[in-house]
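Reviewing the structure listed below.
Because only heavy atoms are used, hydrogens play no part in the values below, and waters and symmetry mates are left out as well, while side chains stay in. Residue numbers begin at 1 in each chain, while the letters A, B, ... track the order of the sequences.
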Amino acid sequence: MEFQVLDVDYVLVNEKPIVRVFGKNREGETVCGFYEGFMPYFYVTGDGLEEHLRGNPQVLSIEKVKRCLPVGYQEPSEVYKITLRNPAKTPEIRDMLRSKGYVPYEADILFKYRWMNDNGIGGMKWIKTTESNGIATTSVTAERKVQMKHLEAVEKDEDAPLKYMAIDIETVSDDAGKMPEAERDPVVLISLVFEPGFRGKKHIILSTRAGDGIDPCSDEKDMLKKLVDTLNEYDPDVITGYNINNFDMPYLIDRMRKNNVKPVFGRCTSKYVRYDKFANRYKITIIGRLMADSFQIVKSGWNLKRYGLDFVSKELLGEEKGDVKKSEIGKYWRGTQAEFKKLADYCLQDSRLAMNLLLKMKLLDKYVALAKISGSLLNDILGGGEIQRIENYLLREFNKAGYILPSKADRVPEENGNGEKKDSLKGGFVLEPKRGIHSMVLVLDFKSMYPSLIRTYNICPTTLVSDDKAEGVITTPLGARFVDRKTRYGIMPRILENLMAERGKVKKQMSQAEGRVFDSLNMKQLALKVMANAFYGYFGYSRAKIHNIAIASAITSLGRRTIQETVKTIEGEYGFEVVYGDTDSVMIKVPTENLDEAERMGRELSTKITEKLPGIMELEFEKIFKRFLPLTKKRYMAWSIERGKDGEWKEDVVMKGIETVRRDWCELTSETMCQIIEIILKHNDLKEAVKYFRDIVNKLLDGKIDIEKLVITKTITKRPDSYVGVQPHVEVIKKMMGRKALDIPGVGDRIGYVIVKGTQLLSKRAEDPSYVKDNGIKLDSNYYINNQLLPPLERIFGAIGVDREELLGMGKQMGLAEAINNHNHKHEQEQAAREPVIVSVNDVNGFLCSKCNRPYRRPPLVGRCECGGSFLFSSASGPADMVRIR
DNA sequence: TATTCGCGGGG
DNA sequence: GTGTACGCGAATA
């Protein structure tokens, strides 16, 4: 029989551990494989161990074995292998030995992972086993139960058919001013969506109120029982929902406890489903099933302005979500049958959308690929845990080669005594960008720089030289030394060689694949890349089992040296100007307007430089920036052109470190930024860009910008009176309450507001957009220019030498020639930044001297007051908005 | 210029 | 469970 691994755990039966593998076979049957006879063990170095363990009932055996210690180039040594009876007692023994000065190795490996690694089993991989009788009597639900006497891992790219179930709940509290609390507020509605369907149904809605299309429940306890029953009968492999990990599931578990309903709906019938809370977050454990929270996956995979289900569904699925205000759920629940129906539909819609996101957006695919490559269980990979992924992989590879891993240090050293700060690891080398807009810039990248460096210089804990050995030793820029590959091939370089070779193979397969096969190969290729790139950072991470700054900084120092020398070569030997570079990439300006010519130069540079690079280091020609505008280190924009798969040139606007969407920016800001970036890059016309900006400013001043584009949104999280500071969205609600407006937003609702003219504090001038429209109130164009448009745009214009004075057309004529010649107006810019800016002559009704405060209707021709002071403009909206012009 | 603070997502 | 695991922008020192 063959089946795919979904989850693994163990139980003690007659005081002996039995490993249980929960999975699915090709036919879609649930399988539970049992493995008996595997015992927990770890390693210890030191002498005279026996006397401390003699007579200890937990210890099954102590033997001396030959293993290589992980850090430092050395020969194998004799270590104790201690085998215990009970995995759970390991920490006790480990800590006792540690307190007596022994050093334990691999004494913190989860038992299931110990078993998996020793047997070559990984999450979502396939197991082949011979079926046999004599099934262990542990309480699990599975259609096929197998005693695994013999098992082997099978290479298989396909996936077993899985069953998915989405859950969403609604709760109602008496106090609409707070988030619901499980201690107090009941669950009133539960919607379940099935894929594939359950007894011919695509969904079920449970509620304590009866209604059309609803499975009525006598009370909350009855409803929760029905939920547990449905879960067990449908028996899903994957449970999803939107923020289910941090809301619905912990809430349901709490309510079950409260109502005396046993939370037993995993595939082990003797273990409760439970949650653990840490770092203000929940982790749900449902033995044998996968928890996949659509919200968490979307959040980590997409860069969006907001992550509410309504916004995300619209963006990713193109599906609109009908809205029920969070604060009005109680009203609907207690309302008419029609209102209740609306609430039930809303609940159903939420679980449908969570399901649609998971399936249509194939949210699991990337994680399945990562699980298969790394050997970790899918549940652990979905919970984040990059470290675990790597350490699992390392454990397997180190053990295969006869090495053992350290246990994690029991406390993390905050700083070492030498005054060094924790983890002062230097990163990549970043070249100071040459200011201005550059045309025809080649982009060349070092191919997988860090993995390639590790391979080229044989960097590994197992090759690190600590004594004065001199022969066959590679010295890195900061002094760390490693034996060469001939002396001993490191495990790290070997792992990376395999991962990179595998990726090459997959990419080749991709070239003749299409559809689903192509997609799955692409995911695999991506996962291989992610894994390969994760190893270098591992040694610099303070909680890693092998935390070693010497190794981490050996890698980055080699990186810095490599790119610096490459820049020198390009400028010295080839005479090209390198306008920017960061860690593993160089941007090179070339004297041609012709794309094919530039491409030829790029390829030639790549070949010639690669020839002289050591080992497998490779500098690749990536693409051409037709236009390249660096703002600062790590921030640039470019009009990029590269050859597509079909050999045709394909163009794209790329931005690094520049945000165009931010939750506290109105639409006008994002839109204007995009437009201006487009004009600068594609038209290369500064005048046009400035003109565009001024047009927007003028429209703003004339009230010609659609108010919708000026709305800023924020969620209200507490009751308005419980805010300490003054916040714009809260002020809006207070105003609405004051005038008894309809539809006043409540806690949890999003509030859109605009800033209007006035003399009060900024936050106090926030207003409800529809109120502004109805009453013809003037918006504060000053605010929109100074706080919304200028901050991001000034940075962009600043990079091409246009300061805010020129931008607003108030100072001297714009010196475009100067601008292009990279004039640095840094001092002026700094000064301007500290001062508010005049926005429009329309807005001005007088002048004041900045020194003596003498008012003028018109300024004297000399441009200064009699006392010598400069002028302040006083605007129509009064002294508070007074602005200075230089 | 570094460090703490607060909030998101969910009802 | 052989555990312990946000992440980023804003406000503040």
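In this structure, Y43(A) atom OH and dT2(C) atom P are separated by 17 Å, rounded to whole Å. Here dC7(B) presents its P atom at 14 Å from CZ of R750(A), a figure rounded to the nearest Å. Straight-line distance from the CD1 atom of I716(A) to the C1' atom of dG8(B): 15 Å, rounded to whole Å. Between I712(A) atom CD1 and dA10(C) atom P the separation is 13 Å, expressed in whole Å. Summarising the geometry, the separation between CE on M291(A) and P on dG9(B) is reported as 19 Å, rounded to the nearest angstrom. In this structure, D664(A) places its CG atom 13 Å from C1' of dA11(C), rounding to the nearest Å. The separation between H729(A) atom NE2 and dC7(B) atom C1' is 11 Å, rounded to whole Å. The distance from atom CD1 of I284(A) to atom C1' of dG3(C) is 16 Å, rounded to the nearest whole Å.
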Set out, line by line, the N/O atom pairs under 3.5 Å between protein and nucleotides 6-8 of chain C.
{"unit_1": "dC6(C)", "atom_1": "N3", "unit_2": "R281(A)", "atom_2": "NH1", "d": "3.4"}

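Counting non-hydrogen atoms under 4.0 angstrom, P40(A) reaches a base of the nucleic acid. Contact annotation for G383(A): no contact, since no heavy-atom pair falls under 4.0 Å across all strands. At the heavy-atom level, D276(A) lies under 4.0 Å from base atoms of the strands shown. Among the heavy atoms of the strands, none lies under 4.0 Å from D248(A). Counting non-hydrogen atoms under 4.0 angstrom, F111(A) reaches a base of the nucleic acid. R184(A) comes within contact range of no nucleotide atom at all, as no heavy-atom separation falls under 4.0 Å. Counting any heavy atom pair closer than 4.0 Å across all strands shown, Y282(A) reaches no nucleic acid atom. The residue I109(A) sits close to a base: some heavy atom pair falls under 4.0 Å. Contact annotation for L309(A): backbone-only contact, meaning every heavy-atom pair under 4.0 Å involves sugar-phosphate atoms and none involves a base. At the heavy-atom level, F42(A) lies nowhere under 4.0 Å from the strands shown.
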Taking it one step at a time, do D380(A) and Y113(A) satisfy side-chain hydrogen bond (donor to acceptor under 3.5 Å, both in side chains)?
CA-CA 11 Å; D380(A) 293 332; Y113(A) 276 115; 2.4 Å; yes

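Between dG1(C) and R114(A), no contact under 4.0 Å exists linking OP1 or OP2 to a side-chain N or O. The side chain of K283(A) places no N or O atom within less than 4.0 Å of a non-bridging phosphate oxygen (OP1 or OP2) of dA5(C). Look at Y10(A) and you'll find a side-chain N or O under 4.0 angstrom from OP1 or OP2 of dT2(C). At the phosphate of dG3(C), neither OP1 nor OP2 sits under 4.0 Å from any side-chain N or O atom of R274(A).
dG1(C) sits 14 Å from dA5(C) when the C1' atoms are compared, rounded to a whole Å. If you take atom C1' in dT4(C) and the same atom in dC8(C), they sit 22 Å apart, rounded to whole Å. Rounded to a whole angstrom, the distance from the C1' atom of dG9(B) to that of dC6(C) is 13 Å.
The aromatic rings of F38(A) and F111(A) sit tilted, their planes meeting at an angle between 30° and 60°.
Aromatic pair Y538(A)/H547(A): centroids not less than 6.0 angstrom apart.
Distance from the side chain of R662(A) is smallest to dA10(C) among dG1(C), dA10(C), dT2(C). Of the candidate nucleotides dG9(B), dA10(C), dG3(C), dG3(C) has the atom nearest to the side chain of K408(A). Distances from the side chain of P91(A) to the nucleotides dG9(B), dG10(B), dG3(C) place dG3(C) closest.
Remark: L353(A) CG to D310(A) CG distance equals 9.5 Å, nearest 0.5 Å.
In terms of position on DNA chain B, the residue among I169(A) and T715(A) whose nearest nucleotide sits closer to the 5' end is T715(A).
With sequence neighbours excluded, the residues forming a salt bridge (Lys or Arg N to Asp or Glu O under 4.0 Å) with D345(A) are K341(A), listed by chain and number. In terms of the side-chain hydrogen bond (donor to acceptor under 3.5 Å, both in side chains) criterion, residue partners of T715(A) (sequence neighbours excluded) are, by chain and number, R750(A).
In this structure, R114(A) forms a cation-pi arrangement with Y41(A), its terminal cationic atom sitting closer than 6.0 Å to the ring centre and no more than 45° off the ring axis. Geometrically, R306(A) engages F311(A) in a cation-pi contact defined by less than 6.0 Å to the ring centre and at most 45° from the axis.
Here the side chain of Y307(A) pairs a donor or acceptor atom with the backbone of W302(A) at under 3.5 angstrom.
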